[in-house]
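Working notes, beginning with the structure itself.
Below, chains carry the letters A, B, ... as their sequence lines are ordered, and counting in each starts from 1. Side-chain atoms are counted along with the backbone in the values below, which use heavy atoms only and exclude waters and symmetry mates.
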2 protein chains.
Amino acid sequence: MTTTGLDGFALLDETWRTVTPDAARRMLIAAVQAFAGKGYHATTTRDIASLAGMSPAAVYIHYRSKEELLFNISLVGHETSLALLSSIEGEGATQRLKNAVAAFAGWHAEFHTTARVVQYELGALSPEHHAQVAELRRQIEQRMRSFIEDGVQAGVFDVPDVKGATLAVLSLCIDVARWYHPDGKRTPDEIGALYADLVLRMVRPNQLTDF
Amino acid sequence: MTTTGLDGFALLDETWRTVTPDAARRMLIAAVQAFAGKGYHATTTRDIASLAGMSPAAVYIHYRSKEELLFNISLVGHETSLALLSSIEGEGATQRLKNAVAAFAGWHAEFHTTARVVQYELGALSPEHHAQVAELRRQIEQRMRSFIEDGVQAGVFDVPDVKGATLAVLSLCIDVARWYHPDGKRTPDEIGALYADLVLRMVRPNQLTDF
DNA sequence: CTCCATACTAAGCGGTTGCTTAGAGCTAAG
DNA sequence: CTTAGCTCTAAGCAACCGCTTAGTATGGAG
C-alpha cells in the first residue's frame with residue numbers, strides 16, 4: 001500500500017513546518033504518527049516510508065538512520081514545549097502558574113501524537129542524543145519550578161515541598177499524552193483548564209491559618 | 001552470556017511467588033526486567049532466556065509465545081494493584097483517600113519495574129488479552145473514584161469535577177512508574193506521603209467559604 | 001533394570017529487519 | 001543537446017527475529 005495517511009497532517013504540519021525539503025517533512029510526520037501509534041521499536045522503516053507514500057530507501061536520502069528521525073522529532077518537540085513555557089505571561093504568580101499549567105497540559109493533549117514520542121521514546125535515543133535532550137528537560141523543569149517559587153516568594157502559595165510539587169505538576173501534565181484520546185469527552189482546552197484549577201488548589205494556602 | 005541477573009529478584013519474587021514451576025517464575029521475572037528496561041518490542045526471546053540463564057527454546061516450554069509472557073505480567077500486575085486499592089481502610093473519607101493515594105503511588109514506585117510493563121506495554125497485548133485487562137482497569141478507576149465520591153457525599157471534600165479529579169489522581173500515581181528511579185532522593189514511602197498530601201490539598205474545601 | 005513423562009538444549013527454519021547499492025527520472029545550467 | 005546534480009526506486013544483503021524440531025539428560029514408577 002502507498003497511502004499517504006494525510007489525516008491529522010494539518011495539526012502536525014504546524015509543528016514541523018520549518019522542516020525542508022517537502023519530502024523530508026512528510027517523512028518526519030509519517031515517523032511521528034508511526035512512532036506514536038506503535039512505538040519506536042515496533043515501527044519499521046518500511047512503515048514510515050509507506051506512510052509517507054515513498055519507497056523504503058527514500059528514508060535514507062534525508063536521514064542517516066531511523067534513530068536520527070527519532071532524534072529530530074524529540075529535539076523539536078522538547079524545544080517547542082520549552083518555548084511554550086518561556087512565553088507564559090500573566091498578572092501575578094497565580095495567573096502565571098495557571099496559564100503555564102493550562103498551556104503545558106493542553107499542549108500534551110492537542111499534540112499528543114508528538115508528545116507521546118517525546119515523552120515515551122527517550123530510551124531509544126543514542127547516548128549522545130539522549131544527553132542533548134536531557135539538558136532541555138532540565139530547563140523545562142526549571143521553568144515550571146520558577147512559576148511555583150515565585151508564588152511562594154510572593155506569599156500567595158503555600159507549598160511545603162517545592163521540588164516535589166514541581167515534579168508532581170510536570171508529571172501530571174506529561175501523563176496527559178498517555179491517556180488523551182481525541183474522541184474523548186474533554187477538549188485540550190478543557191483539560192488545560194481542569195488541570196490549572198487542580199494545581200492552583202494544590203498550592204493555595206489553607207485560608208483559616210491566615211489569621 | 002548466561003548470567004541469571006538475580007539483582008532485585010527479592011522484591012520481584014514477592015509479586016510472582018505464586019508462579020510455578022521455578023523455571024517458569026524465573027522466566028517471568030526475567031521478562032519483567034527486560035520489558036521494563038527496553039520495552040516489549042525491543043526485547044528478544046533470547047534476551048529473556050539468557051537473563052533467566054536458559055536456552056532460547058526454554059521459553060516455549062512454559063509459555064506459548066512472547067505475548068503470553070507479557071499478558072501474564074500485565075494480568076497479575078493489574079490484579080495486584082486492584083487488590084491493593086480494595087484493601088484500603090481508614091477512619092473517614094479523608095483518611096481513606098490519603099491511604100489509597102499513598103499506597104497506589106507507593107506501589108508504582110516500589111514495583112516500578114512491574115508497573116512500567118503494566119502501564120506502558122498495553123498496546124502490545126493481543127485484542128482479546130487487552131480487553132481482559134481493560135476490564136480490570138475500569139475497576140481500578142471505579143475504586144479510586146469511590147474514595148473521592150465518599151468525601152464529597154460526606155461534605156468533607158470540595159470537588160467540582162469528580163471524574164476529572166479521579167482521572168488526575170490516577171494519572172499522577174501511574175506516572176510515578178515513568179520517572180521513579182531507586183537511586184533518586186525519595187523513597188517509595190516518601191513519594192506516597194508527598195502525593196497523598198498533594199491530593200488532599202486538591203480536594204479540600206476553601207475553608208473561608210464555610211461560614 | 002525398563003519404561004515413560006518432563007525439562008531442557010543445539011540447531012535451524014522462514015520471514016523480517018535496518019540499511020546499501022546501482023541506476024532511473026527529473027530539473028536546470030551551460 | 002549535454003552534462004551535472006539531486007531525488008527517488010527496485011532489488012537485495014547480512015543479521016536477527018519469533019518460534020519449531022529433533023534429540024538428550026534426568027528422575028520417579030513399576
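Of the residues near DNA chain C, B:Ala24 and B:Arg46, the one whose nearest nucleotide (by heavy atom distance) lies more toward the 5' end is B:Ala24. Projected onto DNA chain C by closest heavy-atom contact, A:Asp47 and A:Ala57 fall at different nucleotides, the more 5' of which corresponds to A:Asp47.
If you take NZ of B:Lys38 and C1' of D:dC16, they are 12 Å apart, rounded to a whole angstrom. Separating the NZ atom of A:Lys66 from the C1' atom of D:dC16 is a distance of 13 Å, rounded to the nearest angstrom. For the pair A:Tyr63 OH and D:dT7 C1', the computed distance is 14 Å after rounding to whole Å. One interatomic measurement links the two molecules: CD1 of A:Ile48 to P of C:dG18, which rounds to 8 Å at whole-angstrom precision. For the pair B:Arg26 CZ and C:dA7 P, the computed distance is 13 Å after rounding to whole Å. Summarising the geometry, the separation between CZ on A:Arg25 and P on D:dT7 is reported as 14 Å, rounded to the nearest angstrom.
No more than 12 heavy atoms of other residues, nucleotides or ligands lie within 6.0 Å of CD in B:Gln153, so this atom counts as exposed by the packing criterion.
Of the candidates C:dC8, D:dT9, D:dC19, the closest approach to any side-chain atom of B:Tyr60 belongs to D:dC19. Side-chain proximity of B:Ile61 to D:dA10, C:dA7, D:dG18: nearest is C:dA7.
For A:Ser55 and D:dA10, the shortest distance from a side-chain N or O to OP1 or OP2 is not below 4.0 Å. Look at A:His62 and you'll find a side-chain N or O under 4.0 angstrom from OP1 or OP2 of D:dC8.
Minimum interatomic distance between B:Tyr180 and B:Ile191 (heavy atoms only, all atoms of both residues): CD1-CD1, 3.5 Å.
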**Steps toward side-chain contact (heavy atoms from CB on, under 4.5 Å) verdict (A:Leu75, A:Leu136)** = CA-CA 8 Å; A:Leu75 193 65; A:Leu136 286 170; 3.8 Å; yes

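Using a cut-off of 4.0 Å between Lys/Arg side-chain N and Asp/Glu carboxylate O, A:Arg138 and A:Glu135 are scored as salt-bridged.
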